[in-house]
Amino acid sequence: MTSPLLSGYREVPHTADWELQVWAPDLSTLLEQAASGMYHLAGVKLNSYPRLNRRIELSYRDPEMLLIDFLTELVYLVDTEGIAFDEFELNLEGDRLIAELTGAPLASITKEVKAVTYHNLTIRITNRGMEANIVFDV
Amino acid sequence: MIRLQDLQQINTYEWEIPQTYRSDMRVPVRIFATRQLLEEIKGDKSLEQAVNAATLPGLVGQVVVMPDVHQGYGFPIGGVAGTRLPDGVISPGAIGYDINCGVRLLASQIEFEAAKPHLSDLATALDRFCPSGVGKKGHLRLKSAELDRVCREGSRWALRNGYASDADLSRTEENGCLQGADPTKISKRAKDRGRPQLGTLGAGNHFIEIDVVDKVFHTEAANVMGLLEGNLVVMIHCGSRGFGHQICSDYVKDFQSAVRRYNIHLPDRELVCAPLDSPEGQAYLGAMRCAANYAFTNRQVLAHFARKAFEDILPGKVSNWHLHQVYDIAHNMGKIETHQIDGKSIEVCVHRKGATRAFGPGFQGLPPEYRAIGQPVLVPGSMGTASWVLVGTPGSMQRSFGSTCHGAGRTMSRRAAKKSIWGEDLRKELQAQGIHIRAGSMAGLAEEAPQAYKDVDAVVETVAGAGIASKVARLRPVAVIKG
C-alpha cells in the first residue's frame with residue numbers, strides 16, 4: 001500500500017460541482033486514488049458481502065483520457081449494477097490498462113455523479129509524482 | 001481574472017467583454033446583470049469560462065451570459081451561444097451532461113387554504129409515486145425497442161401509453177419531440193442506463209415542488225395559463241438521467257479526436273466540438289435529440305404520477321384536484337433555430353446551458369392560446385424561496401437568441417453549504433415556514449439550502465429590467481420532494 005503522504009486526494013471548492021485534487025507517485029496509483037476520492041465524495045458505503053470481481057480493459061491515447069475513461073466506467077457500474085470497489089490491481093502495459101477490481105454491492109450512496117469532465121484536466125508531474133484536478137458534474 | 005475595468009457597461013442591466021479582450025475570442029461576451037449581481041458573478045470563474053466559450057468556431061452574434069450564471073466545467077452554467085449552419089460547430093459540453101434538464105409546471109384550481117391540512121399527506125404521496133434518489137429505478141421497465149421508440153417519439157410515446165393528454169403535448173416545448181432523433185447513434189451503455197430510469201427524478205438539485213401562486217404580475221397571461229393567486233401548482237425539475245449523462249460522456253470522448261481531425265484549437269478540452277455538417281456533428285445531434293426526447297417523456301411520466309398522487313389524497317377533500325399543464329421547457333439543449341444576426345435572418349445552432357428558451361409573442365411553435373402572450377418561461381428558485389413564471393419578449397429575440405435565465409444560480413459550493421448548514425436544522429427551519437420537506441439525504445438537503453443560491457428575485461428583476469423576459473407570477477413553495 002502506498003503511504004498516504006505520497007498519494008491521496010482532497011476536495012477543492014467549486015461553486016456548483018465537485019473538484020477533486022489527486023496525487024500519487026505513478027499513474028496507476030493516481031487512478032486508484034481518483035476512484036477512492038470519487039467514491040468518498042459520493043458517500044459510497046459497501047455491503048460486507050458478497051465480494052465481487054470485475055476486470056476492466058481500456059486502451060488510451062493520453063493519460064488524461066485514461067483517467068476519465070476509468071472513472072466513467074466506475075460511474076456506469078454504480079448506475080447500472082449498484083456496485084463499487086475498494087481493492088484495485090491496476091496494470092499498465094503500453095497503451096492499455098488492465099484493472100482487476102474487487103468490491104461489493106452498495107449499502108448506501110448519498111450523491112449522484114452525472115459525469116467526469118475534461119475541464120482544465122492536465123496530469124502534472126510534481127515533486128511527489130503526479131497530480132491532477134478532476135471536475136465532476138453532480 | 002477578469003476585472004471590472006475589462007468590461008464595458010452598456011446600460012444598467014448589460015455589460016460586454018469586447019472581442020479584443022483576448023486574441024482567440026471570435027465574438028464578444030454580453031452579460032445580463034446588475035452591478036451587484038456582476039460582483040457576485042466575478043466571485044468564481046464564470047466569466048473566464050464565457051471567454052473560453054467565445055473561441056468556438058463558427059460563432060455568430062455574441063456569447064450571452066445570464067444573471068444566474070455560475071462556474072461550470074468548460075461552458076458556464078447560464079450561457080448561450082449560437083453557431084452558424086452549416087460549418088459552425090456543435091459542442092456537447094456547451095449543452096451539458098443532463099441533456100434537456102428542464103422544468104414542467106402543472107396548475108390547479110385547488111385553493112391553498114382548502115389543501116393546507118392535506119399538504120403533508122400530498123408530499124408523502126408525491127414522494128411515494130415519483131421515485132427519486134441516487135440509482136432509483138422507475139415504475140417502468142423498457143425493452144430496447146421500446147426505448148428506441150421513446151427516443152424517436154418523445155412525449156407522443158407517453159400519449160400512446162396513457163401517460164399524457166393532447167393538451168400536455170401542445171403545452172410542451174416542440175410538443176415534446178425533437179425531430180431527427182437517431183437511436184442508432186447511441187451506445188449500448190447509454191441504453192443500459194436509460195432503460196430502467198424513465199419516470200425517475202434523480203438527485204442533486206432536481207425536485208418536485210408544490211407551490212402557491214403568491215402574486216400575479218401579468219393578469220392576462222396568468223389567466224391564459226390558468227394561474228390564480230392562492231391556488232396550488234406543481235413544479236417538476238429533472239432531465240434525461242443516466243441516459244443523457246452517458247450520451248454526453250460518449251461524445252465528449254469521441255470529439256477529443258474530432259477536434260484533431262478538423263484542426264480545431266480550444267482553450268479547454270471540455271469544449272470539444274465538431275462542425276455541424278460533419279458526420280461527427282450529425283451523429284451527436286441525432287443522439288442528443290434522443291436524450292432530449294427521453295427527458296420530455298421522463299417529465300411527462302412524472303407528471304402522470306404526480307396526478308396519481310393528487311388523486312390518491314384529495315378526493316372528498318377538495319372539489320377539483322385536476323392538474324393541468326402550463327408548460328414544459330428545457331434549459332440544457334442544442335436547437336437549430338432562425339435568428340436575426342446583423343440584420344440577416346440565418347439558421348444557427350443555439351447552445352443553451354442553464355438558460356431557457358424565451359420566444360416572444362407571435363411565435364408559431366406555441367399553442368394558439370399562448371401566441372399573443374409569448375412563450376411561458378419557468379424559473380425555479382432555491383428551496384424556501386420563490387419560483388417564477390415569466391414570458392418571452394421581443395427583446396429576448398433581438399438580444400439573447402430568444403433566451404433568458406433558468407434559476408437562481410449557485411453562489412456557494414456544495415462543500416461550503418454542508419459545512420455551514422445542517423440538513424436537519426434546515427428541514428426544521430423550512431417546516432416552521434410551512435414548507436413540508438421529503439428528502440432522501442439530509443446532507444443533500446443542506447447542499448441545496450437557499451443560502452447556497454443567489455436571490456432569485458434579483459435575477460428575475462434583471463431579466464425583466466433588461467427586457468429579455470416579462471414577469472407573470474411569483475410562486476411560493478409549500479412542499480418540496482428531493483432525491
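So that the names make sense, note that chain A is the first sequence line, chain B the second, and so on, each numbered from 1.
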Margin query: Side chains of B:Leu147 and B:Tyr294, heavy atoms from C-beta outward: is any pair under 4.5 Å?
Written below: yes

Next item on the list: Measure the acute angle between the ring planes of A:His40 and A:Tyr9, then classify it against the limits of 30° and 60° as parallel, tilted or perpendicular.
Entry: tilted

Check: Have A:Arg61 and B:Ser257 got a donor and an acceptor in their side chains that come within less than 3.5 Å?
Finding: yes

Notebook entry, point to check: Where does B:Gln246 contact chain A at under 4.5 Å (heavy atoms): side chain, backbone, both or neither?
Noted result: side chain

Check: So which part of B:Arg195 gets closer than 4.5 Å to some heavy atom of chain A, the side chain, the backbone, both or neither?
Finding: neither

Next item on the list: Just give me the residue among B:His70, B:Lys253, B:Arg414 that pairs up with chain A most often, heavy atom to heavy atom, under 4.5 Å.
Entry: B:Arg414

Notebook entry, point to check: Below 4.5 Å, heavy atoms only, C-beta onward: do B:Phe255 and B:Tyr284 meet side chain to side chain?
Noted result: yes

Notebook entry, point to check: If only atom types and distance count, is the side chain of B:Asn298 paired as donor or acceptor with the main-chain N or O of B:Leu198 below 3.5 Å?
Noted result: no

Checklist line | Candidate pair B:Leu56 and B:Cys273, rule side chain to side chain contact (heavy atoms under 4.5 Å, CB included), full reasoning | finding: CA-CA 8 Å; B:Leu56 288 168; B:Cys273 53; 4.0 Å; yes

Check: Listed by residue number, which members of residues 64-89 of chain A have a heavy atom under 4.5 Å from any heavy atom of chain B?
Finding: A:Glu64, A:Met65, A:Asp69, A:Thr72, A:Glu73, A:Val75, A:Tyr76, A:Asp79, A:Thr80

Notebook entry, point to check: Does the side chain of B:Gln71 reach to within under 4.5 Å of the side chain of B:Gln49, using non-hydrogen atoms?
Noted result: yes

Next item on the list: Quick one: which of B:Arg189, B:Arg415, B:Lys137, B:Arg241 has the most heavy-atom pairs under 4.5 Å with chain A, could you say?
Entry: B:Arg189

Check: So which of B:Gly43, B:Gly72, B:Gly440, B:Gly244 has the largest heavy-atom pair count under 4.5 angstrom toward chain A?
Finding: B:Gly72

Next item on the list: Tell me, out of B:Gly204, B:Gly133, B:Gly74, who's got the most heavy-atom pairs with chain A below 4.5 Å.
Entry: B:Gly74

Item checked: Short N-O contact, B:Arg410 and B:Glu448, less than 4.0 angstrom -> yes

Note to self: So if I take each residue of residues 131-138 of chain A and look for any heavy atom under 4.5 Å from a heavy atom in chain B, which residues do I end up with?
What the structure shows: A:Val135, A:Asp137, A:Val138

Check: Under 4.5 Å, heavy atom to heavy atom, which residues of residues 94-105 of chain A contact chain B?
Finding: none

Margin query: Do the side chains of A:Lys111 and B:Glu447 get close enough for a salt bridge, i.e. N-O under 4.0 angstrom?
Written below: yes

Next item on the list: Name the option with the most non-hydrogen atom pairs under 4.5 Å to chain A; the candidates are B:Gln256, B:Gln197, B:Met412.
Entry: B:Gln256

Next item on the list: Might you point out which heavy atoms bring B:Ala50 and B:Val65 nearest each other, and give the distance in Å?
Entry: CB-CG2, 3.7 Å

Margin query: So if I take each residue of residues 89-101 of chain B and look for any heavy atom under 4.5 Å from a heavy atom in chain A, which residues do I end up with?
Written below: B:Tyr97, B:Asp98

Margin query: Regarding B:Arg22 and B:Asn52, do their side chains bring together a donor and an acceptor under 3.5 Å, going by distance alone?
Written below: yes

Margin query: If the threshold is 4.0 Å, N to carboxylate O, is there a salt bridge linking A:Arg55 and A:Glu57?
Written below: yes

Next item on the list: For this output row, return yes or no: ring centroids of B:His237 and B:His331 closer than 6.0 angstrom.
Entry: yes

Note to self: Please classify the contact between B:Lys45 and chain A as side chain, backbone, both or neither, with a heavy-atom cut-off of under 4.5 Å.
What the structure shows: neither

Check: For the candidates B:Asp192, B:Thr411, B:Val252, B:Leu271, which exhibits the highest count of non-hydrogen atom pairs separated by less than 4.5 Å from chain A?
Finding: B:Asp192

Item checked: Residue, of A:Thr122, A:Leu41, A:Thr110, A:Asp62, that accumulates the most heavy atom pairs under 4.5 Å with chain B -> A:Asp62

Check: How far apart are the closest heavy atoms of B:Pro131 and B:Gly199, and which atoms are they?
Finding: CD-O, 3.5 Å

